[in-house]
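Worth saying up front: this structure is predicted, and the values here are computed from it rather than measured.
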Amino acid sequence: MKKQKKQRIASVVAILAFGLIIACFGQSFVQGVDSTKDAGDKVNIESVVGGAEADNTNNKNTAEGIENTASKDTGASDITTIPDSVFDTKAKEGVYKFSEDTKDTNLPFIRYATDRIIMDKELKNIGSSFSTKSIEVVSPIKNLQVLFATDSARINAEMDFPIIFAGSDVVIDAPINKTVIIFAGNSVTFTQNAKIAEDVICYTNKVNVKGEISGSLLGSVKEVEITGKINKDLRVLADNVIIADNTNVSGNILIQTYNNAISIADKYPNAVVKVFEKGAEKVDFVKIILKGITTCLVFTLIYILIKRYSKKQILQSIYEKVKKYPGFVVAMGAITTLGIPLVLFLLVLLMAAGLSVIALPTLIAYMSFIIVVSMLSTFIVGSLIFTHIKGKYLKEESVGYDIVGVFFTFAVLYVLARLPYIGNFVTAALVMIAVGIAITYIIKKNVKQVEVDG
């Protein structure tokens with residue numbers, strides 16, 4: 001169970017990172033639309049109306065990059081294609097209908113509309129859609145789709161794998177072939193027509209399940225009402241849970257809540273309801289101190305063993321490279337850690353494109369490296385700090401000096417990382433610097449070997 005929980009948490013983190021990247025694309029996308037319109041005003045591009053082509057040859061290249069068609073809904077709105085983009089990107093003032101776009105593309109797409117977006121055309125490519133009002137799906141949609149709606153979203157046709165962000169309500173009124181992930185400001189409703197093939201991950205105020213979920217319902221909500229069917233588990237953080245009878249949930253039930261009035265033992269005697277106490281949790285300082293001492297002793301032992309049995313004096317070698325390339329250390333640490341969302345986004349695209357053989361090993365290797373270095377960040381940075389102090393101030397070789405000095409260094413870093421307000425910043429800095437140190441040692445070592453061999 002713990003392993004599955006960790007996998008689900010990792011999936012949610014990946015999806016959140018993916019949503020952040022898409023949101024960034026959306027902002028730059030809107031700016032691109034505005035700049036395109038300004039350029040059109042300056043060069044006086046003649047709009048394409050009723051199939052007529054622009055006659056101005058001076059604007060030929062610009063006219064080829066920007067297509068304007070009269071809107072059927074408003075009569076004054078245009079669909080704008082953003083040129084020179086890695087994605088098939090289009091924007092429109094007013095209601096956007098996918099059926100209005102007669103050109104098919106194999107590229108991932110991005111759509112933006114200042115009004116509703118109606119997905120009334122069968123789509124097979126992955127993509128994202130941004131609406132300042134609502135999004136409605138009325139035709140079957142394949143592959144991964146990320147939907148951003150300021151108001152509501154309604155799914156009336158079959159989808160594969162939707163990720164939905166809505167400011168108000170989300171209604172699922174059709175089958176979903178894989179997992180669905182929803183972030184809604186108000187409520188999420190699964191109608192009787194909704195049949196979810198895998199899991200539902202939901203973050204909203206209220207969830208109403210009238211249809212069937214073949215997997216589990218997971219998430220954080222204020223109120224859950226189940227009159228339909230959940231074939232696996234119900235695992236939620238909720239203030240209130242209403243289940244019609246003892247046949248609605250087939251798997252395990254775990255409810256975490258602050259409401260001690262929740263009671264479903266009469267229908268589900270094996271359900272686990274964990275009630276949190278309101279108020280601040282008591283901090284066990286003795287436990288924290290003992291854990292800190294144990295951690296610092298373990299790191300000290302590792303330091304002494306490496307220093308004594310390493311024939312190549314690996315710690316001194318790392319210190320020399322960091323001292324020689326401090327800017328490279330900081331740059332590589334910042335790029336590698338801050339670039340996690342972008343890396344996850346690219347790997348999601350590769351997996352969606354069917355290249356899981358490449359994406360999964362890369363994801364495992366990348367995240368394993370980040371996790372291992374993060375766990376050892378205090379050791380890596382502390383060892384180099386003590387190496388610097390020892391080389392500058394403690395000329396005499398002594399195991400006693402090493403044990404006391406390195407233990408004290410680890411202890412200082414451990415305490416700083418757990419101080420209120422600044423602890424999170426210290427931890428982030430330690431991880432970033434440690435990642436930069438590890439990459440610098442690997443890369444610069446290889447570069448040096450190539451130069452010697454040459």
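In this structure the side chain of Y441 never reaches within 4.5 angstrom of the side chain of V322, judged on heavy atoms. Side-chain contact check for Y366 versus I340: some heavy-atom pair is nearer than 4.5 Å. Side-chain contact between T294 and L297 is absent, with no heavy-atom pair separated by less than 4.5 Å. Here the side chains of N259 and I262 are in contact, with some heavy-atom distance below 4.5 Å. For the pair M119/V138, no side-chain contact is recorded, criterion being any heavy-atom separation below 4.5 Å from C-beta on. F190 places a side-chain heavy atom less than 4.5 Å from the side chain of V188. Counting only heavy atoms from C-beta outward, the side chains of V137 and N156 never approach each other to under 4.5 Å. A heavy-atom distance below 4.5 Å is not found between the side chains of K92 and T114.
Nearest heavy-atom pair across A157 and P140 is CB-N, 3.8 Å. Between S152 and S168, the shortest heavy-atom distance links the atoms N-CB, 4.5 Å. Here the closest non-hydrogen pair linking A149 and S134 is CB-CA, 4.3 Å. S216 and I230 get closest at one heavy-atom pair: CA-CG2, 4.4 Å. Considering every non-hydrogen atom in both V170 and A184, the closest pair reads CG2-CB, 3.9 Å. The two residues A197 and S214 have their closest heavy-atom pair at O-CB, 3.3 Å.
For K121, the NZ atom is densely surrounded, since the number of other residues' heavy atoms within 6.0 Å is greater than 12. The environment of K210 atom NZ is sparse: at most 12 non-hydrogen atoms of other residues, nucleotides or ligands sit within 6.0 angstrom. Other residues, nucleotides and ligands contribute only 12 or fewer heavy atoms inside 6.0 Å of the CG atom of N424. Atom CD of Q192 has 12 or fewer heavy atoms from other residues, nucleotides or ligands within 6.0 Å.
Side-chain N/O atoms of K206 and T189 include no donor and acceptor closer than 3.5 Å. With hydrogens and angles left out, the side-chain atoms of N143 and D160 include no donor and acceptor closer than 3.5 Å. With hydrogens and angles left out, the side-chain atoms of D120 and S99 include a donor and acceptor closer than 3.5 Å. Between T191 and D173, the side chains place a donor N or O and an acceptor N or O closer than 3.5 Å (distance only, hydrogens not considered).
In this structure, the side chain of S377 does not engage the main chain of L430 through any donor-acceptor pair within 3.5 Å. N205 contributes no side-chain N or O that, together with a main-chain N or O of E223, makes up a donor-acceptor pair within less than 3.5 Å. At least one donor-acceptor pair closer than 3.5 Å links the side chain of S131 to the backbone N or O of D115. A donor-acceptor distance shorter than 3.5 angstrom exists from the side chain of N248 to the backbone of G228, with no hydrogens or angles considered.
Checked for salt-bridge contact, D88 and R111 meet the test: a charged N lies under 4.0 Å from a carboxylate O. A salt bridge does not link K133 with D151: every distance from a Lys NZ or Arg NE/NH1/NH2 to an Asp or Glu carboxylate oxygen is 4.0 Å or more.
For I253, the side chain to side chain contact (heavy atoms under 4.5 Å, CB included) partners two or more places apart in sequence, or in a different chain, are L234, I243, V249, I255, I264, Y268, A271. The ring pair (Phe, Tyr, Trp, His ring centres under 6.0 Å) search around F98 returns Y96, F109, not counting sequence neighbours.
Between the CD1 atom of I110 and the OG atom of S129 there is a distance of 9.5 Å, given to the nearest 0.5 Å. Atoms CG and CD1, on L342 and I335 in that order, are 11.5 Å from each other to the nearest 0.5 Å. Interatomic distance, K321 NZ to L384 CG, rounded to the nearest 0.5 Å: 12.5 Å. Here K267 contributes atom NZ and T247 contributes atom OG1; the two are 10.0 Å apart, rounded to the nearest 0.5 Å. Atom OG1 of T427 is separated from atom CG of L413 by 10.0 Å, given to the nearest 0.5 angstrom. Expressed to the nearest 0.5 Å, how far CD1 of I196 lies from CD of E212 amounts to 9.5 Å.
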**Q.** L147 and I155: CA distance, side-chain angles, deciding distance, side-chain contact (heavy atoms from CB on, under 4.5 Å) verdict
**A.** CA-CA 11 Å; L147 310 180; I155 312 301; 4.1 Å; yes

Q: Could you please spell out the steps behind the side-chain hydrogen bond (donor to acceptor under 3.5 Å, both in side chains) verdict for D169 and S187?
A: CA-CA 5 Å; D169 302 320; S187 68; 2.9 Å; yes

(Q) Could you go through Q145 and F161, starting from their C-alpha distance and side-chain angles, then the distance that decides it, and tell me whether this counts as side-chain contact (heavy atoms from CB on, under 4.5 Å)? (A) CA-CA 6 Å; Q145 301 293 327; F161 181 16; over 6 Å; no

Q. Between V373 and V431, does a side-chain contact (heavy atoms from CB on, under 4.5 Å) hold up when you go through it step by step?
A. CA-CA 7 Å; V373 174; V431 171; 6.0 Å; no

Q: Verify side-chain contact (heavy atoms from CB on, under 4.5 Å) between T336 and I370, making sure each step is shown before the conclusion.
A: CA-CA 9 Å; T336 306; I370 296 294; 3.7 Å; yes

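Checked options E198, K195, M159; the residue passing with I176 is M159 (criterion: side-chain contact (heavy atoms from CB on, under 4.5 Å)). Among D199, V224, D233, the one residue that satisfies the side-chain contact (heavy atoms from CB on, under 4.5 Å) test with L217 is V224.
Under the 30°/60° scheme for interplanar angles, the aromatic rings of F299 and F379 are found to be tilted.
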